[in-house]
**Q** 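Okay, here's the structure, questions in a sec.
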Amino acid sequence: GTPWSLFHLVDNLWCLSGVDGSLVWRNREAAGGGAIWGPVAGQDLNTDGVPDLAFTNDGLIKAVDGKTGATLWSFDPRIAFAGLAPPGFVYYGMGHPAVFNPSQPGGPLELCGIITFLGSTYPYDFESSIIHMDAASGAFLAQAPLPSDLTPWYQDPLQDPDLYGYGSA
């Protein structure tokens, strides 16, 4: 296939030809606002032979057909994940999306990310989990607690307060 390049601008996702810069497709669905995480590409979610992509930001988790730019699925995680919050916490955001091979034999490709919950009273505490979704449909699969210490794989934000983008989506 033709190499392409993606970028996000004013609630639109644009796909440009990597050969001549011409427009391949544009996804005009409102992007949900805020900083965008992803898109992640490389896996063929709808089995049409072309890699698709997924991304998350404030108020939206979305998968897009890499061939046509059509939305495969999308939803508002503030609503969908509200019931996953621990008592006294509210959904805050999802970041660091990635598509992985199935975690269970015969299972679907999984879109995983880190979801963060914010304590509802001051001083605000954070709690995070790893979320697993079916990458082809967006259906919830599982939630696992995120360990409080991921060093040496991930920097501790309390030790590195300038760590870009931690805890936001």
**Q** Check whether the ring centres of Phe140 and Phe75 lie less than 6.0 Å apart, and answer yes or no.
**A**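 Not close enough - the centres of the two rings lie 6.0 Å or further apart.
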**Q** Examine distances only and state if a side-chain atom of Asp76 and a backbone atom of Leu60 form a donor-acceptor pair shorter than 3.5 Å.
**A**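 Not a single qualifying donor-acceptor pair exists.
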**Q** Can you confirm whether Ile131 sits close enough to Phe81 that some side-chain heavy atom of one is under 4.5 Å from a side-chain heavy atom of the other?
**A**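 A side-chain contact exists here, since the closest heavy-atom pair is under 4.5 Å.
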**Q** Kindly give the heavy-atom pair with the smallest separation between Val64 and Gly69, and that separation in Å.
**A**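 The answer is CG1-O, 3.4 Å.
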**Q** Can you check whether Asp48's main-chain N or O pairs, donor with acceptor, with Asp44's side chain at less than 3.5 Å?
**A**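 Checked: pair present.
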**Q** I'd like to know if the side chain of Trp14 and the backbone of Val24 have a donor-acceptor N/O pair within less than 3.5 Å.
**A**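 Side chain of Trp14 to backbone of Val24: no pair is present.
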**Q** Within a strict 4.5 Å, meaning less than it, do heavy atoms of the Leu84 and Tyr91 side chains meet?
**A**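 When only atoms from C-beta onward are counted, Tyr91 and Leu84 do not touch, as no gap falls below 4.5 Å.
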**Q** Does a donor on one side chain sit under 3.5 Å from an acceptor on the other, for Ser17 and Asp20?
**A**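 Yes, Asp20 and Ser17 have a side-chain donor paired with an acceptor closer than 3.5 Å.
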**Q** Hey, are Lys67 and Asp65 close enough for a salt bridge, meaning a charged N less than 4.0 Å from a carboxylate O?
**A**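 Result for this pair is no, no salt bridge flagged.
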**Q** Treat each ILVMFWY residue as a node, draw an edge where side-chain heavy atoms are under 4.5 Å apart, and state whether Leu141 and Leu72 are in one component.
**A**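 No, because Leu141 and Leu72 fall into different hydrophobic clusters, even though each may have its own neighbours under 4.5 Å.
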**Q** With a 3.5 Å distance limit and no angle check, can you tell me whether Asp125 reaches the backbone of Gly119 through a side-chain donor-acceptor pair?
**A**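 Side chain of Asp125 to backbone of Gly119: no pair is present.
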**Q** Could you check if a side-chain atom of Leu109 sits within less than 4.5 angstrom of a side-chain atom of Asn101, using non-hydrogen atoms only?
**A**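 The answer is yes; the side chains approach within 4.5 Å.
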**Q** Hydrogens and angles aside, do Ser103 and Glu110 bring a side-chain donor and acceptor to less than 3.5 Å of each other?
**A**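 Distance-only check passes for Ser103 and Glu110.
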**Q** Could you tell me whether Tyr124 and Phe126 have their ring centroids closer than 6.0 angstrom?
**A**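 No, the ring of Tyr124 stays outside the 6.0 Å limit from the ring of Phe126, centre to centre.
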